[in-house]
Number of protein chains: 2
Amino acid sequence: MVVSILKEDGYENIATAKSVKEALKVASKINPELAILDIMLPDGDGFSLMKQFKKTKDYPILFLTARGEDENKFKGFGLGADDYIVKPFLPKELTLRISAILRRSYKNENPLVKLHASEIDFDRAEVIKNGEYIGLTAKEYNLLSVLYLNAGKIVTIDALCEAVWGDNPFGYENSLMAHIRRIREKIV
Amino acid sequence: MVVSILKEDGYENIATAKSVKEALKVASKINPELAILDIMLPDGDGFSLMKQFKKTKDYPILFLTARGEDENKFKGFGLGADDYIVKPFLPKELTLRISAILRRSYKNENPLVKLHASEIDFDRAEVIKNGEYIGLTAKEYNLLSVLYLNAGKIVTIDALCEAVWGDNPFGYENSLMAHIRRIREKIV
DNA sequence: CTCTTCCTTACATCTACCTTACATTTTTAG
DNA sequence: CTAAAAATGTAAGGTAGATGTAAGGAAGAG
């Protein structure tokens, strides 16, 4: 049931297991990014399974629990679970929680913006060209950010001046061009 | 009974004892990381046993107690126990408490942060350079922590002042630079 | 052709970052 | 409690690199 919900939501690498033993075997093979565990299992319980999991790699874990079963335990102990969901639940609820967990757990990626000749790392204010790291200055960074946020749209000179110099953004048109020149030097 | 719960939860080095005398003998041999003690023992009580234990090494201790027995004692006195659990209890409850205690007591992963010329030990607020241990002052430690947590990202002066001086973080820009200077002196 | 817009170049200026030296406050030791 | 030591804060410059300016060129429209 859970599997079909996940498939419909677009997840593709799904593995299942019917027991603690099987789960450990499967997990060691596929290096999962997220585990969904039932608390009640034929040969053990989800908690101890979680602990075994966390020994090898710290991926997020979502628990399924029947109403009343151990709900209060969850609230009391932090215990390392990332979330739990009480059966019965709506498909949407499951997928929402999963995407929330994944977002929380793997948000530490820093999406490099790929250009023709280079990439931009906004977090570090660097452009990477031919493996070389070139720092951006403050104004350059501001400018590029504004341009990136408006990618594909028309951005007037006035709007750029406004964005970079804020109050009293007049008379900087030449400056702006100078900065754009320098940015271009770095990114192409 | 307790042993089987623990085994199922993945704990492997378990030793048991049926009396104070035996417990002391066993403990001296295996150098335990955690002790689970009954309060009532044939040749003494758990409290004095705990005291003996703590003489040699300070490992955490979990007490088993029958309902009503000494519950109030526990609440009144801190007395060094890390937790207690009232019989009868669910297997899950025991394992949850144990993992909580262990997490609390042995969260000592202390990864030295390696820099070019030195390493930083945040737990001890020390930097290690050429085998020499150089202490960090409070402010230096705060600053370095914030910088480390944001490693690779841009951290503005304002953000740093905010982090170090909290409320009213204004006018410390010079101070900040002085601290940074001193940190650099220590770590490069 | 002239005008306009976009762009480049070369250079002038300025400011953010950094250092130094010292003042003040807090902590420690006697 | 007092004195010494350590930590923290302040102020006054120096400087490289960031930013701003101005003069002008190329290309397209009219």
Side-chain angles (χ1 to χ4, degrees), chain A residues 115-118 120-129 132-148 150-188, chain B residues 115-118 120-129 132-148 150-188:
Chain A
L115 268 34
H116 282 106
S118 57
I120 302 173
D121 181 335
F122 278 103
D123 267 21
R124 315 176 69 111
E126 279 177 344
V127 1
I128 304 156
K129 187 166 64 174
E132 197 188 352
Y133 292 74
I134 310 167
L136 291 169
T137 70
K139 289 280 190 303
E140 286 165 7
Y141 175 82
N142 281 347
L143 256 175
L144 252 184
S145 300
V146 176
L147 290 171
Y148 175 61
N150 293 287
K153 292 187 205 148
I154 293 175
V155 188
T156 64
I157 287 181
D158 289 351
L160 283 176
C161 284
E162 176 83 30
V164 176
W165 284 276
D167 48 335
N168 193 20
F170 309 110
Y172 285 98
E173 292 77 10
N174 266 313
S175 247
L176 178 70
M177 289 318 302
H179 285 298
I180 288 181
R181 176 81 238 302
R182 287 171 199 131
I183 290 175
R184 288 213 257 250
E185 222 161 51
K186 290 180 179 179
I187 67 177
V188 304
Chain B
L115 268 35
H116 283 105
S118 57
I120 302 173
D121 182 336
F122 278 103
D123 269 21
R124 316 177 68 106
E126 279 178 344
V127 0
I128 304 157
K129 186 166 65 174
E132 196 187 352
Y133 291 73
I134 310 167
L136 290 169
T137 70
K139 290 278 189 306
E140 285 165 6
Y141 175 81
N142 281 348
L143 256 175
L144 253 184
S145 301
V146 176
L147 289 171
Y148 176 60
N150 294 287
K153 292 191 203 139
I154 293 173
V155 188
T156 63
I157 287 180
D158 289 352
L160 284 176
C161 284
E162 176 83 30
V164 176
W165 284 277
D167 48 335
N168 193 20
F170 309 110
Y172 285 97
E173 291 78 9
N174 269 312
S175 248
L176 178 71
M177 290 317 303
H179 285 298
I180 287 181
R181 177 82 237 304
R182 287 169 199 132
I183 289 175
R184 288 213 257 250
E185 224 160 50
K186 291 179 180 180
I187 67 177
V188 304

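Fair warning: this is a prediction, and the values are worked out from it, not measured in the lab. Letters A, B, ... mirror the listed sequences (proteins, then strands); counts begin at 1. The figures here come from the full heavy-atom set of this structure, side chains too, leaving out hydrogens, waters and symmetry mates.
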Should A:Leu143 and A:Leu176 count as side-chain neighbours, where that means a heavy-atom distance under 4.5 Å?
yes
Parallel, tilted or perpendicular: which describes the rings of A:His179 and A:Trp165, with under 30° parallel and over 60° perpendicular?
tilted
Would you mind classifying the nucleic acid contact of A:Gly171 as base, sugar-phosphate or nothing, using non-hydrogen atoms under 4.0 angstrom?
sugar-phosphate
In whole Å, what is the span from the OH atom of B:Tyr141 to the P atom of D:dA7?
16 Å
Quick one: do A:Asp121 and A:Tyr133 satisfy side chain to side chain contact (heavy atoms under 4.5 Å, CB included)? Show the steps, please.
CA-CA 10 Å; A:Asp121 181 335; A:Tyr133 292 74; over 6 Å; no
CE on B:Met177 to CG on B:Leu160, rounded to 0.5 Å:
9.5 Å
Are side-chain heavy atoms of A:Tyr172 and A:Val164 found at a separation under 4.5 Å?
no
Under 4.0 Å between any heavy atoms, over every strand shown, what does B:Ile180 touch: base, sugar-phosphate, or nothing? Just pick one.
nothing
Measure from the side chain of B:His179, starting at C-beta and using heavy atoms only, and say which of D:dA18, D:dG9, D:dG20 lies closest.
D:dG9
Contacts of B:Leu176 and B:Leu136 projected onto DNA chain D by closest heavy atom; the upstream (5') one is B:Leu136
Taking atom C1' of D:dA11 as reference, at what distance in whole Å does atom CD of B:Glu173 sit?
13 Å
Can any side-chain N or O of B:Ser118 pair as donor or acceptor with the backbone N or O of B:Lys129 at less than 3.5 Å?
no
Taking only N and O in the side chain of A:Thr137, is any of them less than 4.0 Å away from OP1 or OP2 of D:dG17?
no
Which nucleotide in the set D:dT8, D:dG9, D:dT19 lies at the smallest distance from any side-chain heavy atom of A:Ala138?
D:dT19
Quick one: B:Met177 CE to D:dT15 P, roughly how many Å, whole number?
17 Å
With hydrogens left out and only the distance checked, is there a donor-acceptor pair under 3.5 Å joining B:Arg182's side chain and the base of D:dG9?
yes
Nearest to the side chain of A:Asn174, heavy atoms from C-beta on, is which of D:dG9, D:dT19, D:dA22?
D:dA22
Check the phosphate of D:dG9 against B:Trp165, side-chain N and O only, distance under 4.0 Å to OP1 or OP2. Yes or no?
yes
How many angstroms lie between atom OG1 of A:Thr137 and atom NZ of A:Lys186, to the nearest 0.5 angstrom?
5.5 Å
Chain A reaches DNA chain C, atoms under 4.0 Å from its heavy atoms, from C:dC7 to C:dT9
Whole angstrom is fine here: how far is it from CG in B:Asn142 over to P in D:dA7?
14 Å
Given atom CZ of B:Arg181 and atom C1' of D:dG9, what is their separation to the nearest angstrom?
16 Å
